[in-house]
Protein chains: 2
Amino acid sequence: MPGMKIGDLATRTGTNAPTIRYYEEIGLIPRADRQDGGQRRYGDEDVKRLTLIRRCREFGFPIEQVRSLVALAEEPGRSCLEARDLAREHLMAVRAKLHELKVLEQSLARFVASCETACAGGPGPDCTILGDLATPSSQARTLSEAGQTARRLRARR
Amino acid sequence: MPGMKIGDLATRTGTNAPTIRYYEEIGLIPRADRQDGGQRRYGDEDVKRLTLIRRCREFGFPIEQVRSLVALAEEPGRSCLEARDLAREHLMAVRAKLHELKVLEQSLARFVASCETACAGGPGPDCTILGDLATPSSQARTLSEAGQTARRLRARR
DNA sequence: GTAGGTCTTCAAGTAACTTGAGGTTCAAGA
DNA sequence: TCTTGAACCTCAAGTTACTTGAAGACCTAC
């Protein structure tokens, strides 16, 4: 009776139940306590852990990267500098993604807006505005650099 | 001699060459012109198309979603309203992601900063700050809602 | 003309889930 | 107390989106 079951944890963290079982299987989260019938029970720290995991996964950080971040979060006695460096690298990658995402957002917003005014009703023939969406970003290297970062992060386990 | 080869397109868009071949195979990009020896040649519009594709993929939009967006970008005569609606849905999803990413960025930044001051040198024992990273976001539903959106977008082909 | 880097196809491998089958558990209502 | 239906269990197979490898062809530069 203490703690929530897998379905509750799932809805609270925006994860599917099978995914949670999968994470347990690969050891990304610790094996959950079972009650008599064998059903898993979870507590608040499981919500926290899984939230962190999902947030990272949502933005393309590979499981192995997430695993090391989670490990740092769990063992507080470990080298603080190591944690900081890992977090800093993570942060840089996140910022690169943030930048790219803003570019995408602006292009889309501009597209929707011009759609609104251009073809107010019928099928407009001059709706080539999407071309704008596809222009390589100002520096023309941001995308590939973000890729680089991601790949580098992946490489170092 | 006209146009660039696959390696050039790859570096310009931050894509691997095999991925480009794969995209051609599944029909996400049109079959490239070949020169005598059978090697693919690309032009500027290929850079644009692939940039758009990669930008969308980078943020988790499934291939089939990207396919329809690209299709809209190619056929300008098509229903403008349809394009707008699709783009608008896309935009909402992007904004949700943007919000989540900002939360992640701030948590990471705060973590790095407090690491800086707390353990300026040796291994600090009180480095439990990572717990902060894992707190469910303010509304406690943002993450799952973003998931919802993504799933809905995926569902409608 | 030959060396090496880049290209070709095709097949198999990988990551991170997702879905399905077939059965068990549990809380709630009759 | 019994029963029924939703939610759980395990295990296996399927899916998406690539990635890697093998074995060979091409092409530019010396």
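Only a predicted model underlies this, so the values are computations on that prediction, with no experimental measurement involved. In what follows, chains carry the letters A, B, and so on, assigned in the order in which the sequence lines appear, proteins first and then strands, with residues in each chain numbered from 1.
Side-chain contact between Ile63(B) and Leu28(B) is present, with at least one heavy-atom pair separated by less than 4.5 Å. Side-chain contact between Arg55(A) and Glu100(B) is present, with heavy atoms from C-beta onward closer than 4.5 Å. Put simply, the side chain of Ile53(A) reaches to within 4.5 Å of the side chain of Tyr23(A), judged on heavy atoms. The side-chain heavy atoms of Gln65(B) and His90(B), taken from C-beta on, include a pair separated by under 4.5 Å. In this structure the side chain of Arg40(A) never reaches within 4.5 angstrom of the side chain of Arg31(A), judged on heavy atoms. Between Met4(A) and Asp44(A), some side-chain heavy-atom pair lies under the 4.5 Å cut-off.
Within the 3.5 Å criterion, the main-chain N or O of Thr15(A) finds no donor-acceptor partner in the side chain of Thr19(A).
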Return a single string for nucleotides 23-30 of chain D, one symbol per nucleotide in 5' to 3' order, where B is base contact, S is sugar-phosphate-only contact and - is none, cutoff 4.0 angstrom on heavy atoms.
---SS---
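Checked against salt bridge (Lys or Arg N to Asp or Glu O under 4.0 Å), Arg67(A) has the following partners two or more places apart in sequence or in another chain: Glu64(A). For Arg34(A), the side-chain hydrogen bond (donor to acceptor under 3.5 Å, both in side chains) partners are Glu24(A), not counting sequence neighbours. Qualifying side-chain contact (heavy atoms from CB on, under 4.5 Å) partners for Pro18(A), counting only residues two or more places apart in sequence or in other chains: Asn16(A), Arg21(A). Remark: Asp33(A) engages no residue in a side-chain contact (heavy atoms from CB on, under 4.5 Å) (not counting sequence neighbours). The salt bridge (Lys or Arg N to Asp or Glu O under 4.0 Å) check on Arg95(A) picks up Glu105(B), with sequence neighbours excluded.
For the OP1/OP2 pair of dT8(C) and a distance below 4.0 Å, the side-chain nitrogens and oxygens of Arg40(B) include at least one atom meeting the criterion. The shortest distance between the side-chain N/O atoms of Asn16(B) and the OP1/OP2 oxygens of dT19(D) is below 4.0 Å. Distances shorter than 4.0 Å separate some side-chain N or O of Arg57(B) from OP1 or OP2 on dC18(D).
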Shorter than 3.5 Å, N or O on both sides, protein versus nucleotides 1-3 of chain D: list them out with atom names.
none

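Note: CG (Leu9(A)) to P (dC9(D)) measures 11 Å, nearest angstrom. Taking atom CD on Glu64(B) and atom P on dC18(D), their separation rounds to 12 Å, with Å as the unit. In this structure, Arg34(A) places its CZ atom 17 Å from C1' of dC26(C), rounding to the nearest Å.
Near DNA chain D, defined here as any heavy-atom distance below 4.0 Å, the residues from residues 19-28 of chain A are Arg21(A), listed numerically.
Direction change of the helix axis from one end of the helix from dG1(C)-dC30(D) to dA30(C)-dT1(D) to the other is 20°, with five pairs defining each end axis (rounded to 10°).
When each of Ile20(A), Leu50(A), Asp8(A) is paired with Tyr42(A), the side chain to side chain contact (heavy atoms under 4.5 Å, CB included) condition holds for Ile20(A) and for no other.
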